[in-house]
Amino acid sequence: GSDAATDLAVLRVDSGKLIPVETADDKDLLTGEVVLAVGRSGLGDISTSSGIVARTGSAWRSWAGGRLDRLIRPDVRLYVGQAGSALVNQRRQVLGINSPALARQAVITIPTRTIDRTVDAILERGHVPRPFLVSQCRPFRYRRLPVRTFQRRRSTIGIMRGLVAV
């Protein structure tokens, strides 16, 4: 499954050779901390880019509506193939996944807390539940009804059998 609002996907890999990475708690993350973006190029070789954490902030929503638990904006250049790379601190702990798709003209790191929450929702429900609003237009037959009007604060309000018109 996938979630476009957080730019994350869950894949099944059948291999006993994978070793889980150690993740860092982003609550301890400081602006100015040295980080690496580590990924694989299109040819399969390892690719890195170094930089610092340029900005941190509180929880926010991406332009697509995905809730991220914390803003992490690294000052790193993502080379070809590094979209989706890991952001790693000096203690070799993964802080999150780098994504250039969540903010215009900036690389944003999806924090590990957001990744864990999104992956859990996809595995449990197949999607990330989000509230939405549905509106419906229906034809309305207008017939003349008795209307009472009154003045209130320089506006006229009309009331017609259960309908309020301002």
Side-chain angles (χ1 to χ4, degrees), residues 1-139 166:
S2 65
D3 180 43
T6 54
D7 196 29
L8 292 172
V10 177
L11 304 173
R12 176 178 289 181
V13 177
D14 294 325
S15 175
K17 299 177 183 178
L18 297 178
I19 301 169
V21 296
E22 183 181 345
T23 59
D25 186 1
D26 60 63
K27 292 177 185 175
D28 301 329
L29 183 64
L30 300 173
T31 303
E33 188 171 331
V34 176
V35 291
L36 286 175
V38 181
R40 290 202 177 267
S41 71
L43 301 173
D45 50 342
I46 293 176
S47 171
T48 63
S49 179
S50 64
I52 62 167
V53 175
R55 182 175 172 206
T56 60
S58 58
W60 64 287
R61 289 202 179 271
S62 69
W63 63 269
R67 184 175 64 87
L68 282 83
D69 295 287
R70 183 160 189 207
L71 172 65
I72 302 173
R73 189 188 175 303
D75 184 15
V76 295
R77 179 179 172 147
L78 294 185
Y79 296 105
V80 176
Q82 282 187 320
S85 62
L87 188 70
V88 180
N89 64 14
Q90 291 176 316
R91 294 174 295 285
R92 299 179 186 168
Q93 299 168 319
V94 175
L95 296 165
I97 297 175
N98 297 312
S99 174
L102 295 179
R104 293 186 178 105
Q105 301 177 355
V107 174
I108 298 295
T109 300
I110 305 164
T112 54
R113 281 188 291 162
T114 302
I115 296 167
D116 292 341
R117 181 177 43 78
T118 303
V119 168
D120 289 345
I122 291 172
L123 292 177
E124 184 179 322
R125 298 179 186 98
H127 68 283
V128 177
R130 290 198 175 80
F132 61 93
L133 176 66
V134 175
S135 66
Q136 180 179 11
C137 296
R138 295 176 38 178
V166 178

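FYI, the numbering just counts along the sequence from 1.
For S85, the side chain to side chain donor-acceptor pair (under 3.5 Å) test picks out N98, with sequence neighbours left out. Taking the side chain to side chain contact (heavy atoms under 4.5 Å, CB included) definition, one finds that V88 meets it with V38, A86, V94, sequence neighbours left out. Contacts of D69 classified as salt bridge (charged side-chain N to carboxylate O under 4.0 Å, His left out), with partners at least two apart in sequence or in another chain: R67, R117. Here T112 pairs with nothing under the side chain to side chain donor-acceptor pair (under 3.5 Å) rule; sequence neighbours left out. By the side chain to side chain contact (heavy atoms under 4.5 Å, CB included) test, I97 pairs with L8, I115, sequence neighbours left out. Partners of S99 according to the side chain to side chain donor-acceptor pair (under 3.5 Å) rule, which considers only residues two or more places apart in sequence or in another chain, are D7. By the side chain to side chain contact (heavy atoms under 4.5 Å, CB included) test, R92 pairs with no residue at all, sequence neighbours left out. Remark: L11 pairs with no residue by the side chain to side chain contact (heavy atoms under 4.5 Å, CB included) rule, at least two apart or across chains. Residues passing the side chain to side chain donor-acceptor pair (under 3.5 Å) test with S47 are Q82, sequence neighbours excluded. The salt bridge (charged side-chain N to carboxylate O under 4.0 Å, His left out) test applied to R91 returns E33, not counting sequence neighbours.
The shortest distance between side-chain heavy atoms of R73 and V107 does not fall below 4.5 Å. Using a 4.5 Å heavy-atom cutoff, the side chains of L30 and V53 are not in contact. Between L68 and P111 there is a side-chain heavy-atom pair separated by less than 4.5 Å.
Once rounded to the nearest 0.5 Å, the distance linking CD of Q90 with CG of L36 reads 8.5 Å. Note that OG1 of T56 is 6.0 Å distant from CG of L29, once rounded to the nearest 0.5 Å. To the nearest 0.5 Å, atom CD1 of residue I72 and atom OG1 of residue T31 are 10.0 Å apart. Interatomic distance, T109 OG1 to D26 CG, rounded to the nearest 0.5 Å: 10.5 Å. From I110, atom CD1 reaches atom CZ of R70 across 15.5 Å, with rounding to the nearest 0.5 Å.
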Evaluate side chain to side chain contact (heavy atoms under 4.5 Å, CB included) for V35 paired with I52, printing each intermediate quantity in order.
CA-CA 5 Å; V35 291; I52 62 167; 5.6 Å; no
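Without hydrogens or angle criteria, S62 side chain to A5 main chain gives a donor-acceptor distance under 3.5 Å. Without hydrogens or angle criteria, S49 side chain to R77 main chain gives a donor-acceptor distance under 3.5 Å. Within the 3.5 Å criterion, the main-chain N or O of T114 finds a donor-acceptor partner in the side chain of T118.
W60 and I108 make their closest contact through CZ2-CG2, 3.6 Å (heavy atoms, listed as atom of the first residue, atom of the second, distance). For the residue pair L78 and A37, the shortest heavy atom distance occurs at CD2-CB, 4.0 Å.
For residues 44-64, the set of pairs meeting the salt bridge (charged side-chain N to carboxylate O under 4.0 Å, His left out) definition, not counting sequence neighbours, is empty.
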In a table with atom names and distances, give each donor-acceptor pair under 3.5 Å that connects a side chain of residues 14-24 to protein atoms at least two apart or in another chain.
{"from": "S15", "atom 1": "OG", "to": "K17", "atom 2": "N", "distance (Å)": "3.2"}
{"from": "E22", "atom 1": "OE2", "to": "Q93", "atom 2": "NE2", "distance (Å)": "2.8"}

